[in-house]
Amino acid sequence: MAVNRYRYLQAVLALVFVMSAGILAYQIVYLPMKNREAVEQLKEDFPEGDLPSGGSSSHGNSSPAGKEKGIPTVDLAALREKYPDVQGWLVIPGTNIDYPVLQSRETNPEYYLKRNYKGEWNANGSLFLQWNCKVSESKNLIVYGHNMNSGAMFGNLDDFANAEYCREHAQIFFQMTEGVAEYRIAAFMKADVRMFPFQQAEFSSVEGLRDYLVQAKALSMFKMEENDSDLFENGRIAEPDQVLTLVTCSYEWKNARNIIVAVREGVVE
């Protein structure tokens, strides 16, 4: 009788193990794979449109971006015609971050947290813009995404806590209707909304945006450059006109977040 019980327990434990392994494989391997396939399919369905290969920025200093730097683009106008909630496409070269950015409404601001660009349920969700941000107008574009164990979405923002890695992947490109904007990371921090106002999309003055950046740099885990004493006096930026803030969960304490703040350096219109 004892032997039968032991064998029964072994069988149950084996079944639990197989089921757990299956669920883990589904979440960490299958879902991210299908998500990546869906993104690649979008690129095939909406191939690159007529984007200039170079030019000068209408915002801040002149700086080439987009095609001239080998950044893949899509026919965003056609994509938005079919999926109007798509606001742009975010790429961080050398990482897995290469996704469309969605946006929902104030009534359901996290609609795309667990939905893909088609509005279908997906555990990985989508990258999504804070509901009150306007791509062409807001001074702070705030983009959220899941911190997935598989590395999907913003699952590798943790890697940016390493200073060398962050400096090597400091350029961020965001394709919008007007063109491809290039941003450079100014700060990486682990913080929550009580420590840093990352949800603030608008500022009443240039000084307000500058203060946001100064605060971000003060909370940053490291300096982006050895001599980065003043972001605004190093020859790149006269005055900041827009920043990009990337946000995902971190787990050091309740409501902790991994946050990247990047300054726009140029846009090809």
Side-chain angles (χ1 to χ4, degrees), residues 57 59-73 88-99 101 127 139-175 180-192 195-196 198 209-252 256-268:
S57 167
H59 306 282
N61 295 343
S62 297
S63 179
K67 286 169 62 176
E68 188 167 295
K69 295 200 173 182
I71 303 305
T73 56
W89 198 288
L90 186 72
V91 177
I92 303 182
T95 76
N96 69 310
I97 299 173
D98 181 5
Y99 297 108
V101 177
L127 300 187
K139 296 301 182 181
N140 185 14
L141 301 182
I142 307 138
V143 180
Y144 301 92
H146 266 312
N147 185 351
M148 303 299 293
N149 290 330
S150 64
M153 296 301 136
F154 279 164
N156 76 339
L157 282 197
D158 287 313
D159 295 339
F160 286 81
N162 178 287
E164 184 177 356
Y165 182 92
C166 191
R167 290 168 185 148
E168 289 176 353
H169 301 85
Q171 287 180 301
I172 303 175
F173 295 89
F174 185 59
Q175 183 185 357
V180 178
E182 180 180 359
Y183 300 80
R184 183 170 293 273
I185 296 176
F188 174 88
M189 72 194 83
K190 290 182 180 286
D192 56 46
M195 300 166 59
F196 182 68
F198 61 83
L209 181 55
R210 178 189 280 260
D211 290 343
Y212 180 86
L213 275 168
V214 169
Q215 186 177 357
K217 289 185 62 180
L219 291 171
S220 183
M221 294 180 64
F222 43 80
K223 291 183 178 181
M224 285 302 296
E225 298 176 14
E226 290 184 7
N227 298 319
D228 190 14
S229 59
D230 192 330
L231 181 69
F232 314 106
E233 295 179 2
N234 59 10
R236 289 206 310 267
I237 300 170
E239 285 291 349
D241 75 315
Q242 189 186 69
V243 296
L244 177 69
T245 302
L246 310 183
V247 184
T248 192
C249 291
S250 192
Y251 303 102
E252 290 76 13
R257 297 289 185 269
N258 289 319
I259 303 171
I260 284 176
V261 176
V263 182
R264 183 164 68 180
E265 292 193 317
V267 61
V268 174

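Residue numbers run from 1 in the order of the sequence given. Note that the coordinates shown come from a computational prediction; the quantities given were computed from them, not determined experimentally.
For Gln215, there are no side-chain hydrogen bond (donor to acceptor under 3.5 Å, both in side chains) partners at least two apart in sequence or on another chain. The ring pair (Phe, Tyr, Trp, His ring centres under 6.0 Å) check on Phe160 picks up Tyr165, with sequence neighbours excluded. Applying the side-chain hydrogen bond (donor to acceptor under 3.5 Å, both in side chains) criterion to Asn147, with sequence neighbours excluded, gives Asp158. Every residue two or more places apart in sequence or in another chain was checked for a side-chain hydrogen bond (donor to acceptor under 3.5 Å, both in side chains) with Asn162, and none qualifies. Remark: Tyr212 pairs with Phe196, Phe203 by the ring pair (Phe, Tyr, Trp, His ring centres under 6.0 Å) rule, at least two apart or across chains. A search for ring pair (Phe, Tyr, Trp, His ring centres under 6.0 Å) contacts involving His146 returns nothing, not counting sequence neighbours. For Tyr144, the ring pair (Phe, Tyr, Trp, His ring centres under 6.0 Å) partners at least two apart in sequence or on another chain are Phe128. Here Glu252 pairs with Lys190 under the salt bridge (Lys or Arg N to Asp or Glu O under 4.0 Å) rule; sequence neighbours left out. Evaluation of the salt bridge (Lys or Arg N to Asp or Glu O under 4.0 Å) rule for Asp211 yields no partner, not counting sequence neighbours. Take Lys139 and apply the salt bridge (Lys or Arg N to Asp or Glu O under 4.0 Å) test, not counting sequence neighbours, and it matches no residue.
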Worked verdict on Arg184 versus Val263 for side chain to side chain contact (heavy atoms under 4.5 Å, CB included): CA-CA 5 Å; Arg184 183 170 293 273; Val263 182; 5.8 Å; no
Residues Lys217, Leu213; criterion side chain to side chain contact (heavy atoms under 4.5 Å, CB included); working and verdict: CA-CA 6 Å; Lys217 289 185 62 180; Leu213 275 168; 5.5 Å; no
Candidate pair Phe154 and Val143, rule side chain to side chain contact (heavy atoms under 4.5 Å, CB included), full reasoning: CA-CA 10 Å; Phe154 279 164; Val143 180; 4.0 Å; yes
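Panel note: side chain Ser250, backbone Ala256; no donor-acceptor pair is recorded below 3.5 Å. Without hydrogens or angle criteria, Asn156 side chain to Thr95 main chain gives no donor-acceptor distance under 3.5 Å.
Residues Asp241 and Arg264 meet the side-chain proximity criterion, which asks for heavy atoms closer than 4.5 Å. Residues Ile92 and Leu246 have side chains in contact (heavy-atom distance under 4.5 Å, counting atoms from C-beta outward).
One distance of note links CZ of Arg257 with CE of Met189; it measures 13.5 Å at 0.5 Å rounding. Expressed to the nearest 0.5 Å, how far CG of Leu127 lies from OH of Tyr99 amounts to 7.0 Å. Here the CG atom belonging to Leu244 is positioned 12.0 Å from the CZ atom belonging to Phe173, to the nearest 0.5 angstrom. Between Ile260 atom CD1 and Phe198 atom CZ the span is 13.5 Å, to the nearest 0.5 Å. For the atom pair CH2 of Trp89 and CZ of Phe174, the computed distance is 11.5 Å after rounding to the nearest 0.5 Å.
Residues Gly145 and Thr248 come closest through the heavy atom pair O-OG1, 2.7 Å. Across every non-hydrogen atom of Leu209 and Pro240, the tightest pair is CD2-O, 3.6 Å. When every heavy atom of Leu219 is checked against every heavy atom of Met195, the shortest pair comes out as CD1-O, 3.6 Å.
Between Phe188 and the choices Met224, Arg167, Met221, the side chain to side chain contact (heavy atoms under 4.5 Å, CB included) rule is met once, by Met221. When each of Leu157, Val91, Ile172 is checked for a side chain to side chain contact (heavy atoms under 4.5 Å, CB included) with Ile97, only Leu157 meets the rule.
Evaluation of the salt bridge (charged side-chain N to carboxylate O under 4.0 Å, His left out) test over residues 88-97, restricted to residues two or more places apart or in two chains, returns none.
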